[in-house]
Amino acid sequence: MKEVRTRFAPSPTGYLHIGGARTALFNWLFARHHGGKFVLRIEDTDRSRSREEFLADILDSLSWLGLHWDEGPYFQSQRMELYREHAERLLDEGKAYRCYCTPEELEEMRKRALAEGRKPKYDGRCRYRKDQPDLPYAIRFKAPLDGVTVVEDLLRGKVTFRNEELDDLIIVRSDGTPTYNFVVVVDDALMGITHVIRGDDHLNNTPRQILLYRALGYPVPKFAHLPLILGTDRTRLSKRHGATAVSAYREMGYLPEAMVNYLARLGWSYGDQEIFSLGELVEKFSLENVSKSPAVFDPEKLLWLNAHYIKEEPPEEIARRLLPFLKEEGIEVNLGEKLIKAVKTLQPRAKTLKEMASQAAFYFRPPTSYDQKGVEKFFTERASEFLERFKEAIKGVPFTEEALEATFRRLCDELEIKTKDAAQAVRLALTGRTVSPGLFEVMDVLGPEEVIKRIELAQTVCGRPAHAAEADRTPGV
RNA sequence: GUCCCCAUCGUCUAGCCAGGCCCAGGAUACCGGCCUUUCACGCCGGCGACGGGGGUUCAAAUCCCCCUGGGGACGCCA
């Protein structure tokens, strides 16, 4: 059997978005699953809208997701000669013709057709034209006027189009540049693409493309049209629905593993399984299990998967990826033992790396203020006494979670203070907040000197009800 | 408007092709409980769907038809 070759062909007119990423993923998975090749091609024939910045974003995002291409990127802008030759050939063979209609005229015809409730369609007025006026012209493909064209879709089966529904599409613009439906055929044919896997929005283009393959004498590849990804309002996912760029999720602290896993399950399934690694996806992916109906993008489920991978991956790895997010928080640390320990305490608590960075901040700088409600509730005189005794007590025990907890509990009994109240006072002293990872793991990360230092700092505000009204102020004043 | 595609919990989906094992399973979200030094995690439980109507059949979520609904396409964009 012939080697499977798939491609992803984005146009650099926008960031790589969720939908494009899923198309890329499915193509990549299909090729990998069948031991074939995945080709990257950049469709930059629209020179005015293409931008370098978008190209970089697409390449970076694909790499970030782990979707490495075996060939390319090819650039259509560098293949113009090829398209010109093909167009010329069709012209010579009488399979295409010059059209002198102006865009304005065509626009006019379209409007009228729509207004009269007809399908807007070129009437072919230049098709039989014999003269060749000295005017700018576009080149149109001469499509059959009757009969049908059948698309054999791997997902949907036979889809039949009546040729009379199709019109003579423009393959070369009056400025000499080729159009999408034409270049895509030339390129897919020349690049030996065996399976064209793309969005449902291309299904209507497919019969025209098949006609072009035939006219050009190239073999027709297999097609599979994926259902579109929709926003919550059930219209095609777009910027209006919030963040849609893959890079935006990366910046928000999502892991590529979570994104890939989510994208894979959006329109594809494998029984009841929810969690898949890339390798597992390669092994299990099949077009047969791709659903035919459009799917609504659900950020909540993506978030859940992200939280899952944050919990599951090795702390060292998470710590490494956390670094840039810490930097954004103004925290410059190296990938040391303290960071890794801190990450361990945060793994079950953070849903994104960004969130984790913010939660981790207190490990690296002492509180500059204390949660106001917490101060009122927990920085009582009793707590003040407890802090003093606890501070002294821990100096005499080994600094391990177990020993610290034992000491803590003993002291609670002795001073007849509820563990909850004591714990919250200590938590507030150490972190400045009423919410944090477990007390003793926090202490373990901070180390004895820092713990004592922070308790002493807290003692300057704890147990001074007169000042409670202005709580949340800078401690030590 | 015309053409094309689609139709199971709010959402992602299993089941459908090879009808009975499905008064429909999983996940997420939400609600409740347990665990507990806070918050999470985790565990347990709950809520929640076969769009409607006709057929075919002993039997239909599963097969057929119609309706409805949703989406997409109709560019000298890709």
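In the text below, chain A, chain B and the rest are named by the order of the sequence lines, each starting its count at 1. Keep in mind that what you see is a predicted model, and the values were worked out from it rather than measured.
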(request) Counting Watson-Crick and G-U wobble pairs only, both distances under 3.5 Å, name the nucleotide matched with C43(B), or none. (result) G33(B)

(message) Using atom P in both nucleotides, what's the gap between C21(B) and A60(B) to the nearest angstrom?
(response) 11 Å

(request) For E107(A), check salt bridge (charged side-chain N to carboxylate O under 4.0 Å, His left out) against everything at least two apart and list the hits. (result) R110(A)

(request) Mind telling me if C41(B) is syn or anti? Syn here is a glycosidic angle within 90° of 0. (result) syn

(request) Classify the side chain of K292(A) and the base of A7(B) as holding, or not holding, a donor-acceptor pair under 3.5 Å. (result) no

(request) For G46(B) versus C4(B), give the span between their C1' atoms, rounded off to a whole number of Å. (result) 43 Å

(request) Between protein and nucleotides 68-78 of chain B, map the contacts as a letter string: B base, S sugar-phosphate only, - none, heavy atoms under 4.0 Å, written 5' to 3'. (result) ---SBSBSBBB

(message) Suppose we call a contact any N or O donor and acceptor under 3.5 Å apart; does that hold for the side chain of R349(A) and the base of C39(B)?
(response) yes

(request) Using the P atom on both, measure G52(B) against A24(B) and round to a whole Å. (result) 15 Å

(request) Using the P atom on both, measure U56(B) against U62(B) and round to a whole Å. (result) 15 Å

(request) For L155(A) and C4(B), give me the distance from atom CG to atom P, rounded to whole Å. (result) 19 Å

(message) Measure CZ/F297(A) against P/U13(B) and give the value in whole Å, please.
(response) 13 Å

(message) Using whole Å, what does the distance between atom P of nucleotide G26(B) and atom CG of N261(A) come to?
(response) 19 Å

(request) Would you confirm whether D421(A), through its side chain, and A383(A), through its main-chain N or O, come within 3.5 Å as a donor-acceptor pair? (result) no

(message) When both hydrogen-bonding distances must be under 3.5 Å and the geometry is Watson-Crick or G-U wobble, what is C50(B) paired with, if anything?
(response) none

(request) Please state the C1' separation for the pair G71(B) and C63(B) - nearest whole angstrom. (result) 25 Å

(request) Quote, to the nearest angstrom, the P distance that separates G10(B) from C47(B). (result) 14 Å

(request) Scan every strand shown for a Watson-Crick or G-U wobble partner of A14(B), both distances under 3.5 Å, and answer none if you come up empty. (result) none

(message) Going by the rule salt bridge (charged side-chain N to carboxylate O under 4.0 Å, His left out), which residues pair with K142(A) if we only count those two or more places apart in sequence or in a different chain?
(response) none

(request) Cation-pi check, R433(A) to F362(A): give yes when NZ or CZ is under 6.0 Å from the six-membered ring centre and within 45° of the ring axis, no otherwise. (result) no

(request) Answer with base, sugar-phosphate or nothing: what part of the nucleic acid does E165(A) contact at a heavy-atom distance below 4.0 Å? (result) sugar-phosphate

(message) Under 4.0 Å, counting only non-hydrogen atoms across every strand here, what does F161(A) touch: a base, just sugar-phosphate, or nothing?
(response) sugar-phosphate

(request) Give the rounded distance in Å between these two atoms: CG of L263(A) and P of C12(B). (result) 14 Å

(request) Using atom NZ of K301(A) as one end and atom P of U13(B) as the other, report the distance to the nearest whole Å. (result) 9 Å

(request) With C1' as the reference atom in both, quote the distance from U68(B) to C76(B) in angstrom, rounded to an integer. (result) 39 Å

(request) Remember a base hit wins even if backbone is also touched, and classify L439(A) as base, sugar-phosphate or nothing at under 4.0 Å, heavy atoms. (result) base

(message) Given C41(B), U38(B), C12(B), identify the nucleotide with an atom nearest to the side chain of A295(A).
(response) C12(B)

(message) With a 4.0 Å cut-off on N to O distance, would you call D200(A) and R156(A) a salt bridge?
(response) yes

(request) Under a 3.5 Å limit for both distances, which nucleotide forms a Watson-Crick or G-U wobble pair with G20(B), could you say? (result) C58(B)

(request) Please state how far atom CD1 in I210(A) lies from atom P in C4(B), giving the value in whole angstrom units. (result) 15 Å

(request) Indicate, with a heavy-atom threshold strictly under 4.0 Å, whether G438(A) touches base, sugar-phosphate, or nothing. (result) base

(request) Measure centre to centre between the rings of F408(A) and F386(A), then say whether the value is under 6.0 Å. (result) yes

(request) Could you tell me which nucleotide pairs with A7(B) by Watson-Crick or G-U wobble geometry, both distances under 3.5 Å, or answer none if nothing does? (result) U68(B)

(message) Just the rounded figure in Å: distance from P of A40(B) to NZ of K344(A).
(response) 24 Å

(message) Let me spell it out: for each of G271(A) and R427(A), pick the nucleotide of RNA chain B with the closest heavy atom. Which residue's pick is nearer the 5' end?
(response) G271(A)

(message) Need to verify one output field. Residue with the more 5' nearest nucleotide on RNA chain B, K311(A) or Q273(A)?
(response) Q273(A)

(request) Determine whether the side chains of D233(A) and H241(A) contain a donor N or O and an acceptor N or O closer than 3.5 Å. (result) yes

(request) May I ask you to check whether T149(A) and N163(A) show a side-chain donor-acceptor distance below 3.5 Å? (result) yes

(message) Expressed as a whole number of angstroms, how long is the span from D272(A):CG to C22(B):P?
(response) 14 Å

(message) When both hydrogen-bonding distances must be under 3.5 Å and the geometry is Watson-Crick or G-U wobble, what is G75(B) paired with, if anything?
(response) none

(request) May I ask you to say what P437(A) touches in the nucleic acid, namely base, sugar-phosphate or nothing, with a heavy-atom cut-off under 4.0 Å? (result) base

(request) Ignoring backbone atoms, test whether S269(A) places a side-chain nitrogen or oxygen under 4.0 Å from the OP1 or OP2 oxygen of A14(B). (result) yes

(request) Check whether the ring centres of Y254(A) and Y309(A) lie less than 6.0 Å apart, and answer yes or no. (result) no

(message) Give me the distance, rounded to whole Å, that separates G54(B) from C16(B) when you measure between the P atoms they each carry.
(response) 26 Å

(request) Could you work out which one of U13(B), U37(B), A7(B) sits closest to the side chain of S293(A)? (result) A7(B)

(message) In terms of relative ring orientation, are W304(A) and H308(A) parallel, tilted or perpendicular, with 30° and 60° separating the classes?
(response) tilted

